[in-house]
Amino acid sequence: MNDLYGYDAAMAGNGAVRIAGVDEAGRGPLAGPVVAAAVVLNPDGPIDGVNDSKKLTAARRDALYGRIIIGAKAYGVGISPPEEIDAINILQATFLAMKRALAEMEGGGGDAKPYDLLLIDGNQYVPGIPREIQRVVVGGDAKSASVAAASILAKVTRDRIMEEYHVQYPQYGFDKHKGYGTKYHQEMIIRHGLCAIHRRTFCENIVMRTDFLGDLG
């Protein structure tokens with residue numbers, strides 16, 4: 001925890017700058033949305049255990065999700081659905097989800113932003129946002145507390161969405177693989193075809209192995 005908060009403190013310049021971490025979950029799956037989150041943590045109230053969401057158990061992520069929601073100075077979540085991903089590609093959809101997360105954190109926009117600097121996980125600047133207030137951080141969810149917190153909010157939000165979709169489309173096992181391209185998921189696509197939340201552009205090679213697209217409703 002100390003190292004991650006220390007990274008943010010160093011980036012903030014001894015507290016002079018308000019840091020917002022931005023991260024996403026779900027760029028790679030064959031189904032479901034991509035979800036982004038933005039978080040401004042309270043440096044005076046560090047949350048023990050905040051770390052890269054991939055290094056945490058599902059139970060630990062769920063517990064930290066509640067603590068982040070309560071303890072953060074500001075946060076927002078943005079979603080880009082499968083049809084949007086197919087229409088504009090996953091990279092552009094991820095940028096849109098990040099912008100939506102920031103807009104939610106800002107209360108719908110305007111000049112009263114709760115941050116001075118964005119730490120963006122990865123190596124891509126978000127278009128449409130001034131470069132001077134962005135820093136890209138490769139592996140940021142393992143370096144920065146605020147990016148790690150964003151990764152947790154994004155991951156938990158997306159997992160919960162996919163668990164809800166499992167109720168609607170139980171034949172695919174979304175509650176287990178969350179839409180990722182596991183062997184089981186691909187076999188279920190071949191058996192049942194695509195459902196409404198599959199990303200068509202991600203599933204083209206799999207669909208070629210089946211004779212139908214299944215129930216699109």
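Shortest non-hydrogen contact noted between A149 and L41 is CB-CD2, 4.0 Å. Taking every heavy atom of both residues into account, M105 and P114 meet most closely at CG-CG, 4.0 Å. The two residues M162 and P33 make their nearest non-hydrogen contact at SD-CD, 4.1 Å. Nearest heavy-atom pair, G21 versus A150, reported as atom, atom and distance to 0.1 Å: O-CB, 3.5 Å. Between L153 and T157 the shortest heavy-atom distance is O-OG1, 2.7 Å. Of all non-hydrogen atoms in Q134 and V126, the two that sit nearest each other are OE1-N, 2.8 Å.
For the pair L30 and Q186, the minimum side-chain heavy-atom distance is below 4.5 Å. Between I120 and Y125 there is no side-chain heavy-atom pair separated by less than 4.5 Å. Looking at I19 and D116, their side chains never come closer than 4.5 Å, going by heavy atoms from C-beta outward. You'll find the side chain of Q171 stays beyond 4.5 Å of the side chain of M188, heavy atoms only. V22 has its side chain out of reach of L119: every pair of non-hydrogen atoms, C-beta onward, lies at least 4.5 Å apart.
Residues passing the side chain to side chain contact (heavy atoms under 4.5 Å, CB included) test with E83, sequence neighbours excluded: P81. Every residue meeting the side chain to side chain contact (heavy atoms under 4.5 Å, CB included) condition with A154, not counting sequence neighbours, appears here in chain and number order: A25, V35, A37. Qualifying side-chain hydrogen bond (donor to acceptor under 3.5 Å, both in side chains) partners for Y115, counting only residues two or more places apart in sequence or in other chains: E106. Under the side chain to side chain contact (heavy atoms under 4.5 Å, CB included) criterion, K55 pairs with N51, D52, A142, sequence neighbours left out. By the ring-ring contact (aromatic ring centres under 6.0 Å, His included) test, H177 pairs with F174, H185, sequence neighbours left out. Here R27 pairs with E24, V34, I90, L91, T94 under the side chain to side chain contact (heavy atoms under 4.5 Å, CB included) rule; sequence neighbours left out. Qualifying side-chain hydrogen bond (donor to acceptor under 3.5 Å, both in side chains) partners for D141, counting only residues two or more places apart in sequence or in other chains: K54.
Summarising the hydrophobic clusters (Ile, Leu, Val, Met, Phe, Trp, Tyr; side-chain heavy atoms under 4.5 Å, direct or chained), the residues clustered with L96 are I88.
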Self-check item: Candidate pair V137 and V147, rule side-chain contact (heavy atoms from CB on, under 4.5 Å), full reasoning
Solution: CA-CA 9 Å; V137 186; V147 176; 5.6 Å; no
Quiz item: Should I197 and Y169 be marked as a side-chain contact (heavy atoms from CB on, under 4.5 Å) after you check the CA-CA gap, both sets of side-chain angles, and the distance that decides it?
Solution: CA-CA 9 Å; I197 69 162; Y169 305 106; 4.1 Å; yes
Quiz item: Does the side-chain contact (heavy atoms from CB on, under 4.5 Å) test come out yes or no for I85 and R199, once each step is laid out?
Solution: CA-CA 7 Å; I85 294 169; R199 304 172 183 178; 3.4 Å; yes
Practice problem: Please lay out, stage by stage, how R200 and E84 fare under the test salt bridge (charged side-chain N to carboxylate O under 4.0 Å, His left out). | Solution: CA-CA 11 Å; R200 267 63 185 160; E84 194 167 59; over 6 Å; no
Self-check item: L117 and R18: CA distance, side-chain angles, deciding distance, side-chain contact (heavy atoms from CB on, under 4.5 Å) verdict
Solution: CA-CA 6 Å; L117 179 66; R18 298 166 298 166; over 6 Å; no
Practice problem: Dump the intermediate steps for ring pair (Phe, Tyr, Trp, His ring centres under 6.0 Å) on H198 and Y172, then the final yes or no. | Solution: CA-CA 11 Å; H198 278 105; Y172 297 99; 4.9 Å; yes
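The salt bridge (charged side-chain N to carboxylate O under 4.0 Å, His left out) analysis of residues 171-186, with sequence neighbours excluded, yields the pairs E163-K178. Residue pairs meeting the salt bridge (charged side-chain N to carboxylate O under 4.0 Å, His left out) criterion with at least one partner in residues 86-99, sequence neighbours excluded, are absent. Among residue pairs with one or both ends in residues 58-77, those qualifying as salt bridge (charged side-chain N to carboxylate O under 4.0 Å, His left out) are R61-D159, D62-R160; sequence neighbours excluded.
Between the side chain of D8 and the main chain of S146, a donor-acceptor pair closer than 3.5 Å is present. Distance alone, capped at 3.5 Å, places no donor-acceptor pair between the S144 side chain and the G140 backbone.
When the side chains of ILVMFWY residues are joined at heavy-atom separations under 4.5 Å, either directly or via intervening members, Y180 and I161 end up in two distinct hydrophobic clusters.
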